[in-house]
Every structure is written in structure tokens, then in C-alpha cells.
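These notes are about the structure you will find just below.
Basis for what follows: all heavy atoms, side chains included, without hydrogens, waters or symmetry-related copies.
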Amino acid sequence: MAKTSMVNREVKRAKLVKKYAAKRDELKKIIASETASYEEKMDAVTRLQKLPRDSSPARQTTRCALTGRPRAVYSKFGLGRNMLRKATMNGDVPGLRKASW
């Protein structure tokens, strides 16, 4: 099990990403715009930098739904490799079985 504080931190990041998504998109459009002046672009860059760091979607990590493990998480199932293997052996994942050849 992952520390609950780390899992809670990811929940907080998800909330911040959702809260500032529209503002970030607006500022990024200004920065990428060809019609905007240099001053407008620099103003948009500074405003983007003043937003909370955790509001960037790149700072989010995927975590296992059962254990909260941050590494080796299969996004299709939302489970870490350990829990995915356990669920597969129990037959909880339809269409997935242990390989043998």
C-alpha cells in the first residue's frame, strides 16, 4: 500500500488540474497565436507561470486503484502489475489470462 498522503496529493493535483484547465488553455492559445504581439505573449507566459505548479496535467501520475502504487500501472485496467496479475489469476479480468507456451 502506498502512503495515504501520497494518494491524497494526487487527488489534490487532479482537482487543481480540473480547476485551472480552461485558464491554462486560454493562455497557451495566446502564446501559440501568430497574431498576438510579443508583449501579449510574454504577459501570457508570466501569467501561466504564476498559476499553481500542480495545476499542470504533466505533474499527475497514474496510480493503482487498489494499492496506490505509482509505478507499473496499466492504464487500460487502472491496476498495478501486481494487482493485475492477482486479478487475472482469480479470473476477475475478462479476456485476460496467464500466458503459457
Side-chain angles (χ1 to χ4, degrees):
M1 279 302 278
K3 290 172 60 174
T4 55
S5 61
M6 300 306 281
V7 175
N8 291 339
R9 187 181 295 172
E10 286 299 323
V11 171
K12 180 183 172 186
R13 283 184 181 144
K15 287 180 186 176
L16 280 173
V17 167
K18 191 173 183 180
K19 179 179 178 181
Y20 288 101
K23 186 177 273 191
R24 291 183 72 85
D25 288 341
E26 176 188 326
L27 292 172
K28 286 190 176 200
K29 283 180 184 174
I30 293 171
I31 293 168
S33 172
E34 294 180 7
T35 60
S37 68
Y38 179 76
E39 289 80 21
E40 291 173 339
K41 288 184 180 187
M42 288 300 111
D43 181 50
V45 168
T46 56
R47 286 174 39 205
L48 186 65
Q49 289 174 347
K50 287 182 181 179
L51 292 178
R53 188 176 278 181
D54 282 342
S55 68
S56 173
R59 288 180 61 94
Q60 286 182 303
T61 60
T62 55
R63 287 192 173 265
C64 176
L66 299 177
T67 60
R69 187 177 201 274
R71 297 182 181 186
V73 177
Y74 289 84
S75 59
K76 184 175 182 179
F77 306 105
L79 298 173
R81 63 177 174 82
N82 304 337
M83 293 296 114
L84 181 61
R85 184 175 189 277
K86 193 180 287 186
T88 301
M89 297 306 246
N90 292 337
D92 296 336
V93 183
L96 192 66
R97 64 179 181 175
K98 185 179 176 207
S100 70
W101 58 90

Subject >> Sole residue of Leu79, Asn82, Leu84 in side chain to side chain contact (heavy atoms under 4.5 Å, CB included) with Leu66 >> reply: Leu79
Would [X] and [Y] show up in the same hydrophobic cluster when neighbours are defined by side-chain heavy atoms closer than 4.5 Å?
X	Y	answer
Val7	Val73	no
Met83	Met89	no
Leu16	Met6	no

Measure the spacing between [atom1] of [X] and [atom2] of [Y] and express it to the nearest 0.5 Å.
X	Y	atom1	atom2	answer
Lys98	Arg85	NZ	CZ	5.5 Å
Arg9	Lys3	CZ	NZ	8.0 Å
Thr62	Arg71	OG1	CZ	11.5 Å
Leu96	Tyr74	CG	OH	9.5 Å

Taking all non-hydrogen atoms of both residues, which atom of [X] and which atom of [Y] are closest, and how far apart?
X	Y	result
Ala14	Gln60	CA-NE2, 3.1 Å
Gly68	Ala2	O-CB, 3.3 Å
Ile30	Ala36	O-CB, 3.8 Å
Cys64	Gly80	SG-N, 3.2 Å

Subject >> Within residues 27-39 or reaching into it, pairs that qualify as side-chain hydrogen bond (donor to acceptor under 3.5 Å, both in side chains) - sequence neighbours excluded >> reply: Ser33-Thr35
Subject >> Trace of the side chain to side chain contact (heavy atoms under 4.5 Å, CB included) decision for Leu51 with Leu48 >> reply: CA-CA 5 Å; Leu51 292 178; Leu48 186 65; 4.0 Å; yes
**OP:** Answer yes or no: is there a side-chain heavy-atom contact under 4.5 Å between Lys19 and Pro52?
**Re:**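 Lys19 vs Pro52: side chains apart.
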**OP:** Give a yes or no on whether Arg59 atom CZ has more than 12 heavy-atom contacts from other residues, nucleotides or ligands under 6.0 Å away.
**Re:** yes
Subject >> Those residues that, when tested against Arg13, pass side chain to side chain donor-acceptor pair (under 3.5 Å) (two or more places apart) >> reply: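 Scan of Arg13 (side chain to side chain donor-acceptor pair (under 3.5 Å), adjacent residues dropped) gives Glu10, Asp54.
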Original post:
salt bridge (charged side-chain N to carboxylate O under 4.0 Å, His left out) with Arg47: which residues, sequence neighbours excluded?
Top reply: Asp43
